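Notes to accompany the following structure.
Just so you know, these numbers come straight off a predicted model, no measurement behind them. Atoms considered below: every heavy atom in the structure, side chains included; atoms not considered: hydrogens, waters and symmetry mates.
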Amino acid sequence: QVQLVESGGGLVQSGGSLRLSCAASGRAFSDYNLGWFRQAPGKERESVAAISRLPFTTYYADSVKGRFTVSRDNAKNTAYLQMNSLKPEDTAVYYCAASARGGGLVLSSYDYWGQGTQVTVSS
């Protein structure tokens with residue numbers, strides 16, 4: 001098993017930036033594919049970005065391509081989501097998740113989830 005804790009959320013103005021972190025503990029972090037997801041009030045959870053085990057292939061939802069960057073540091077057991085040019089529609093609770101079997105942007109393939117961190121973008 002792996003435990004995940006997100007941090008770095010907050011309130012930011014439109015056009016601003018935030019960097020989310022996802023700290024992992026438990027089984028070998030490097031064994032997992034990692035994903036970032038978000039859920040806005042009244043909406044379903046949606047995929048945002050993902051990064052695989054080595055060779056660290058990345059995936060992005062169309063809505064965030066060119067603005068968000070996903071990365072990981074296996075030595076620190078941490079994944080990151082750098083979010084630039086934020087828009088009000090990016091407002092949501094952001095979750096990181098881990099999967100030992102699947103991954104990419106497929107939400108159902110993730111087995112372990114963090115508690116989420118709130119991101120609010122004001123216009």
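- Between the CG atom in D31 and the CG atom in L54 there is a gap of 10.5 Å [rounded to 0.5 Å].
- In this structure, Y60 contributes its side chain and R67 its backbone to no donor-acceptor pair below 3.5 Å.
- A heavy-atom distance below 4.5 Å is found between the side chains of R19 and Y80.
- When all heavy atoms are compared, the tightest approach of D111 to S99 is OD2-OG, 4.2 Å.
- Shown here for G9 and L20, the closest heavy-atom pair between the two residues is N-CD2, 3.6 Å.
- When all heavy atoms of A49 and L81 are compared, the closest pair comes out as CB-CD1, 4.0 Å.
- Annotation: cation-pi geometry satisfied between R72 and F29 (NZ/CZ under 6.0 angstrom from ring centroid, within 45° of ring axis).
- Residue S123 comes nearest to S14 through the heavy atom pair CA-CB, 4.2 Å, listed as atom of the first residue, atom of the second, then distance.
- By the 4.5 Å heavy-atom criterion applied to side chains, E46 and E44 are not counted as neighbours.
- A 4.5 Å side-chain heavy-atom check between L4 and E6 finds every atom pair outside the cut-off.
- By the 4.5 Å heavy-atom criterion applied to side chains, F56 and N74 are counted as neighbours.
- For the residue pair N84 / S17, a side-chain donor-acceptor distance below 3.5 Å is found, with atom types taken as modelled.
- A side-chain contact (heavy atoms from CB on, under 4.5 Å) with T91 holds for exactly one of V12, V121, L86, V119; it is V121.
- Salt-bridge annotation for K87 and D90: absent, with no side-chain N of the basic residue lying under 4.0 Å from a carboxylate O of the acidic one.
- Side-chain heavy atoms closer than 4.5 Å link hydrophobic residues (I, L, V, M, F, W, Y) into clusters, and following such links, possibly through other members, connects Y112 to V48.
- For the atom pair L18 CG and L11 CG, the distance stands at 9.0 Å (nearest 0.5 Å).
- Between A79 and W36, the shortest heavy-atom contact is O-CZ2, 4.0 Å.
- Side chain of S109 to backbone of G103: a donor-acceptor contact under 3.5 angstrom is found.
- Ring geometry, F37 versus W113: the interplanar angle falls from 30° to 60°, so the pair is classed tilted.
- Residues V2 and A98 come closest through the heavy atom pair CG1-CB, 3.9 Å.
- You'll find the side chain of R38 stays beyond 4.5 Å of the side chain of K43, heavy atoms only.
- Residue Q115 qualifies as enclosed at atom CD: its count of foreign heavy atoms under 6.0 Å is above 12.
- There is no path of hydrophobic side-chain contacts, each under 4.5 Å, that joins L34 to Y110.
- V64 and Y95 fall into different hydrophobic clusters, defined by Ile, Leu, Val, Met, Phe, Trp and Tyr side-chain heavy atoms under 4.5 Å apart, directly or through other members.
- With contacts defined as side-chain heavy-atom distances shorter than 4.5 Å, the pair S21/T78 qualifies.
- No cation-pi contact links R53 to Y32, judged by a cut-off of 6.0 Å to the six-membered ring centre and 45° from its axis.
- Taking the six-membered ring where tryptophan is involved, the planes of F68 and Y94 are tilted, since the angle between them lies from 30° to 60°.
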